[in-house]
Asks: 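Handing you this structure, nothing more for now.
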Amino acid sequence: MQGQQTSIPALLRSRKPGFTLPADLYCRSDVFDADMDVFFHRHWIFVGLECDVPEPGDIYSVDFGPTSIVLVRGDDEQVRAFYNVCRHRGARIAPPGRDVVGKLVCPYHQWVYDLSGDLVHARDMGDDFDHACHGLRRVNLRNIGGLLFACLSDDAPSDIADLETTMLPRLAPYDLAHAKVAFEADIIEEGNWKLVIENNRECYHCAANHPELCTSFIALDFGYDPAGLEGAERAQADAHEALYTTRMTEWEAQGFPSRAVEHVAGHVTNFRTQRLMMAGPGESQTPDGRAACSRLLGHMTRKDLGDVHLWTHNSWHHFMGDHALSVIVIPLSPDRTLVRTKWLVHQDAVEGVDYDVENLTAVWKATNVQDAELVGLAQQGVSNYGYQPGPYSRFTEQQLDTFMTWYVDRMQANGY
């Protein structure tokens, strides 16, 4: 006879530091519901880009579980977020994706809202009906250098200010408010959202699985076991560390914040950022390592400033001189995750003249397919009766251990 199911608090307590999670934390539907409650409703989540809604009247709706929000650029040029729910009988107003509207109109009974969310028309509701009390419900929204973060809780964590303070000067030269989405692609990864994040936060697997990405990535940047290097390999590692220290000092002195900032264990809002060098020509994440777009982003005048990485608990980003990559992670079920990738270029860059879409997107299109396969294998493994939590490499997977420690802490802090 099957034994009683282990409670979520007991599962969290059983997680051993330095090891992966117990299988049920990757697989069970009640854990998935708890994850959605804690990490996608009570925490700040990356939801989109300012350039998703570049002009007044542009809207962009995105779903997180049963909750849909709509981003709206108002006539005053401000970007706001609302729950995608009519205040009449709760019908969804806007379908997923982008649209251009003069007003937001509920398709059910045609209640009409202006771009500031105010209810401006509701027929047959009587003279005593107060329109002012029935505007769209606002969602907490922070625009951080063109990256849009939302919190669905009324009690939004205040330490989003630390992300803003850190990232505004790093993002300023790229001027993402005046970028555009050159290409967008969705892929469903057959794995739990935490496995997707784990896979992205390490490059232990890169050399064997990502030949395209390794054209620009430098494996040594993602950790190595010093005891495993001898002779020429050790000399190469030492030379790389010296070059990295020199380059980092130069970048910082030139006004380009670059050093690693980790806002992880012990914090509510989880993020890590660092500017890293790129291999080969060192210009961009393209098949040949050279810039994909001749029109550089924002105020950039250089192609040699590496790649500014930003990781949050539901996104990762790469900012280079010629283009940027922005990825959002949206859990769909315990074993399915939507990974949405957007490639950004300068808003005035012309396709076919300043950039070729295939060249721009080739590396991460290939990488996403490869990662989806790996995450699927990981989900199959954690679902196997023979799975037991395994040890992280303390040299190349320390970020995973830190992330999972944060995950357990946040679950427990929220009553699980």
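Nothing fancy with the numbering, it's 1 onward along the sequence.
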Asks: After noting the C-alpha distance and the side-chain angles of Thr20 and Met404, does the key distance pass the side-chain contact (heavy atoms from CB on, under 4.5 Å) rule?
Replies: CA-CA 8 Å; Thr20 58; Met404 287 311 174; over 6 Å; no
Asks: Any donor-acceptor pair under 3.5 Å linking the side-chain atoms of Gln254 with those of Arg302?
Replies: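 The criterion, which ignores hydrogens and geometry beyond distance, is satisfied for Gln254 and Arg302.
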Asks: Would you confirm whether Asp114, through its side chain, and Gly117, through its main-chain N or O, come within 3.5 Å as a donor-acceptor pair?
Replies: yes
Asks: Donor-acceptor pair, distance only, cut-off 3.5 Å: does the side chain of Thr286 make one with the backbone of Ala291?
Replies: no
Asks: Taking NZ, NE, NH1 and NH2 as the nitrogens, is one of them in Asp35 or Lys194 under 4.0 Å from a carboxylate oxygen of the other?
Replies: yes
Asks: Whether the side chain of Thr337 engages the backbone of Gly191 through a donor-acceptor N/O pair (distance < 3.5 Å, no angle test) should be reported.
Replies: yes
Asks: Do the side chain of Glu202 and the main chain of His205 share a donor and acceptor less than 3.5 angstrom apart?
Replies: yes
Asks: Does the side chain of Phe319 reach to within under 4.5 Å of the side chain of Leu310, using non-hydrogen atoms?
Replies: yes
Asks: Using a strict threshold of under 4.0 Å (side-chain N to carboxylate O), is an ion pair present between Glu55 and Arg73?
Replies: no
Asks: For a quick check under 3.5 Å, do Ser315 and Thr312 share a side-chain donor-acceptor pair by atom type?
Replies: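 Yes, side-chain donor-acceptor contact under 3.5 Å.
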Asks: Is the distance between the ring centroids of Phe40 and Trp193 under 6.0 Å?
Replies: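 Between Phe40 and Trp193, which both carry aromatic rings, the centre distance is below 6.0 Å.
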Asks: Applying disulfide (SG to SG under 2.5 Å) as the test, list every pair that has at least one member in residues 10-115; sequence neighbours left out.
Replies: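 Checked against disulfide (SG to SG under 2.5 Å) - neighbours excluded - no pair reaches residues 10-115.
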Asks: Ring centroid separation for His313 and Trp44, is it under 6.0 angstrom?
Replies: no
Asks: Check this for me, if you would: do Asp63 and Arg92 make a salt bridge, where the nitrogen-to-carboxylate-oxygen distance has to be below 4.0 angstrom?
Replies: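 The answer is yes: the pair qualifies as a salt bridge.
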Asks: Residues two or more places apart in sequence or in another chain: which of them pass side chain to side chain contact (heavy atoms under 4.5 Å, CB included) with Val85?
Replies: Tyr83
Asks: Is the closest basic N to carboxylate O distance between Glu358 and Lys365 below 4.0 Å?
Replies: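 Salt bridge present between Glu358 and Lys365.
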Asks: Check Glu164 with Arg142, please: is the shortest side-chain N to carboxylate O separation under 4.0 Å?
Replies: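 Glu164 and Arg142: salt-bridged.
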Asks: Are the side chain of Asn84 and the backbone N or O of Ala94 linked by a donor-acceptor pair below 3.5 Å?
Replies: yes
Asks: Does anything in residues 214-226 pair up under side-chain hydrogen bond (donor to acceptor under 3.5 Å, both in side chains), and if so which pairs, sequence neighbours excluded?
Replies: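 Matches after skipping sequence neighbours: Asp221-His240.
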Asks: Run Arg275 and Asp307 through salt bridge (charged side-chain N to carboxylate O under 4.0 Å, His left out) and show every step you take.
Replies: CA-CA 5 Å; Arg275 187 187 304 270; Asp307 171 10; over 6 Å; no
Asks: Is there a donor in the side chain of Gln379 and an acceptor in the side chain of Asn192, or the other way round, less than 3.5 Å apart?
Replies: no
Asks: Got a donor-acceptor contact below 3.5 angstrom from the Thr249 side chain to the Arg247 backbone?
Replies: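 Here the side-chain-to-backbone pair does not exist.
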Asks: Would you say that more than 12 heavy atoms from the other residues, nucleotides or ligands in this model lie under 6.0 Å from the CZ of Arg259, or not?
Replies: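 Yes, the 6.0 Å shell around CZ holds more than 12 heavy atoms from other groups.
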Asks: According to salt bridge (Lys or Arg N to Asp or Glu O under 4.0 Å), does anything in residues 400-416 pair up with another residue at least two apart or in another chain? List the pairs.
Replies: Arg15-Asp401
Asks: Taking only residues at least two apart or on different chains, which pairs with a member in residues 154-225 satisfy disulfide (SG to SG under 2.5 Å)?
Replies: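 Listed once each, the pairs are Cys203-Cys206.
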Asks: Hey, is the main chain of Val350 close enough, under 3.5 Å, to the side chain of Asp354 for a donor-acceptor pair?
Replies: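 Checking the backbone N and O of Val350 against the side chain of Asp354, a donor-acceptor pair under 3.5 Å is found.
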Asks: Is it the case that the side chains of His43 and Asn314 hold a donor-acceptor pair, with the cut-off being a distance below 3.5 Å and no angle test?
Replies: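 No, His43 and Asn314 have no side-chain donor paired with an acceptor closer than 3.5 Å.
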Asks: With a 6.0 Å cut-off (strictly less than), is the heavy-atom count around CD of Glu373, excluding the residue itself, greater than 12?
Replies: no
Asks: Could you tell me if the ring centre of Phe46 sits under 6.0 Å from that of His317?
Replies: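 When the ring centroids of Phe46 and His317 are compared, they turn out to be within the sub-6.0 Å range.
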Asks: Just by distance, do the side chain of Asn140 and the backbone of Ser153 share a donor-acceptor pair under 3.5 Å?
Replies: yes
Asks: Consider only side-chain N and O atoms of Ser333 and Asp335, and report whether a donor and an acceptor are under 3.5 Å apart.
Replies: yes
Asks: Ring centroid separation for Phe39 and Trp406, is it under 6.0 angstrom?
Replies: yes
Asks: So, for Phe129 and His134, is the gap between ring centers shorter than 6.0 Å?
Replies: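 Centroid separation for Phe129 and His134: below 6.0 Å.
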Asks: Check Arg42 with Asp155, please: is the shortest side-chain N to carboxylate O separation under 4.0 Å?
Replies: no
Asks: Only pairs at least two apart or in different chains count here, so list each ring pair (Phe, Tyr, Trp, His ring centres under 6.0 Å) that has a residue in residues 335-362.
Replies: Phe183-Trp343
Asks: Would you indicate whether Tyr416, at its atom OH, is surrounded by more than 12 heavy atoms from other residues, nucleotides or ligands within a distance under 6.0 Å?
Replies: yes
Asks: Indicate the ring-plane relationship of Phe217 and Phe222, choosing parallel, tilted or perpendicular according to the 30° and 60° boundaries.
Replies: parallel
Asks: Strictly by modelled atom types, are Glu198 and Tyr392 linked by a side-chain donor-acceptor pair under 3.5 Å?
Replies: yes
Asks: Should the pair Phe271 and His263 be assigned to parallel (<30°), tilted (30 to 60°) or perpendicular (>60°) ring geometry?
Replies: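 Correct class here is parallel.
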Asks: Within a radius of less than 6.0 Å around CD of Glu77, do more than 12 heavy atoms belonging to other residues, nucleotides or ligands occur?
Replies: yes
Asks: Determine, for Arg98 against Asp52, whether the closest basic-nitrogen to carboxylate-oxygen distance falls under 4.0 angstrom.
Replies: yes
